[in-house]
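Note that these values count all heavy atoms, side chains included, but never hydrogens, waters or copies made by symmetry. Please read these numbers as outputs of a predicted model, since none were measured by experiment.
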Amino acid sequence: MAASLQALACAMLLLAVSPLACTASKTLLQDRCESYAGGDRSSYDYCVWTLRRDNKSATADELGLAVIAARMARATAKATGVKIAWLRANETVPVRRDCLAACAREYAAAVRRLGHAASATLAGKLQHAQTLLAEATGAPTLCDAAFAAARQDTPLTDAYLGLDDQIELAIAILPAPRPSLPART
């Protein structure tokens, strides 16, 4: 009887408030995604969809979720790097090849930084991880800038969509660094 009353109350609340209000117990993933989304349903859905692509996310702790997000961003950057290498090998226009070389450097740096960010997170070096994630942001913009400076159209528009969004998610999911205690004298 109590369960049916709770279900009825939950259904009434659903109609009045939000679909997330009646979950008996939120998972850490849901909680972190709600925090990331700040009330925006599409951002929440993106966060949940992105993190749930890794089966380990269901049982991951805060650090584990941040590592998953950083690794997913790294995989996106790496895949884009592979596409850039292919385009560069087949490009016949020298100025476009130079632009692709600039993009290759940016994406290689992003792959390294994102890998180091995941490792730093695992080691509990959250401030360092945060710095690395922030430094990895912007590879698509810098790549576009190389093409714009050469007055060329970028061939990568569909290849790197979402990298900065994935990095932003990793930054948001990363637990805040804890202040260090003063040294004892």
Minimum heavy-atom distance between Gly162 and Tyr46, given as atom pair plus value: O-OH, 4.2 Å

Worked verdict on Leu169 versus Ile173 for side chain to side chain contact (heavy atoms under 4.5 Å, CB included): CA-CA 6 Å; Leu169 175 61; Ile173 295 291; 3.6 Å; yes

Test log, rule side chain to side chain contact (heavy atoms under 4.5 Å, CB included), inputs Ile68 and Thr50: CA-CA 9 Å; Ile68 289 167; Thr50 300; over 6 Å; no

Connected via hydrophobic side-chain network under 4.5 Å: Met72 and Leu29: yes

Between CD on residue Gln30 and SG on residue Cys47, distance to nearest 0.5 Å: 10.5 Å

Candidate pair Leu174 and Leu65, rule side chain to side chain contact (heavy atoms under 4.5 Å, CB included), full reasoning: CA-CA 8 Å; Leu174 188 68; Leu65 288 175; over 6 Å; no

What donor-acceptor contacts under 3.5 angstrom involve side-chain atoms of residues 96-104, with partners at least two apart or in another chain?
unit_1	atom_1	unit_2	atom_2	d
Arg96	NE	Glu91	OE1	3.4
Arg96	NH1	Gln152	OE1	3.4
Arg96	NH1	Asp153	O	2.7
Arg96	NH2	Asp153	O	3.4
Arg97	NH1	Glu91	O	2.8

Closest non-hydrogen atom pair, Ala129 against Ala117: CB-O, 3.6 Å

Flag, side chain of Asn90 to backbone of Trp86, donor-acceptor distance under 3.5 Å: yes

Joint cluster assignment, Leu132 & Ile171, ILVMFWY side-chain distance < 4.5 Å: no

Atom pair NZ (Lys78) and CZ (Arg74), whose distance is rounded to the nearest 0.5 Å: 5.0 Å

Student check: side-chain heavy atoms of Leu133 and Thr121 closer than 4.5 Å: no

Intermediate values then yes/no, side chain to side chain contact (heavy atoms under 4.5 Å, CB included), Thr76 and Leu114: CA-CA 10 Å; Thr76 297; Leu114 292 166; over 6 Å; no

Taking every non-hydrogen atom, the tightest pair across Asp164 and Gly138: OD1-N, 3.0 Å

Test side chain to side chain donor-acceptor pair (under 3.5 Å) applied to Thr59 - qualifying residues, sequence neighbours left out: none

Exercise: identify the closest heavy-atom pair between Tyr107 and Cys143: CE1-CB, 4.2 Å

Joint cluster assignment, Leu142 & Ile84, ILVMFWY side-chain distance < 4.5 Å: no

Heavy-atom closest contact (Pro175 atom, Leu126 atom, distance): O-CD1, 3.6 Å

Pair listing, salt bridge (Lys or Arg N to Asp or Glu O under 4.0 Å) test, anchored in residues 111-124, at least two apart: Arg113-Glu135

Charged tip of Arg52 within 45° of Trp49 ring normal and under 6.0 Å: no

Ser119 (side chain) donor-acceptor with Gly115 (main chain) under 3.5 angstrom: yes

Closest heavy-atom pair and its distance - Ala139, Leu163: CB-CD2, 4.3 Å

Cluster check Leu156, Ile167: I/L/V/M/F/W/Y, side chain < 4.5 angstrom: yes

Backbone of Leu51 reached by a side-chain donor or acceptor of Ser57 within 3.5 Å: yes

Interatomic spacing from NZ in Lys125 to CD in Gln130 - rounded to 0.5 Å: 15.5 Å

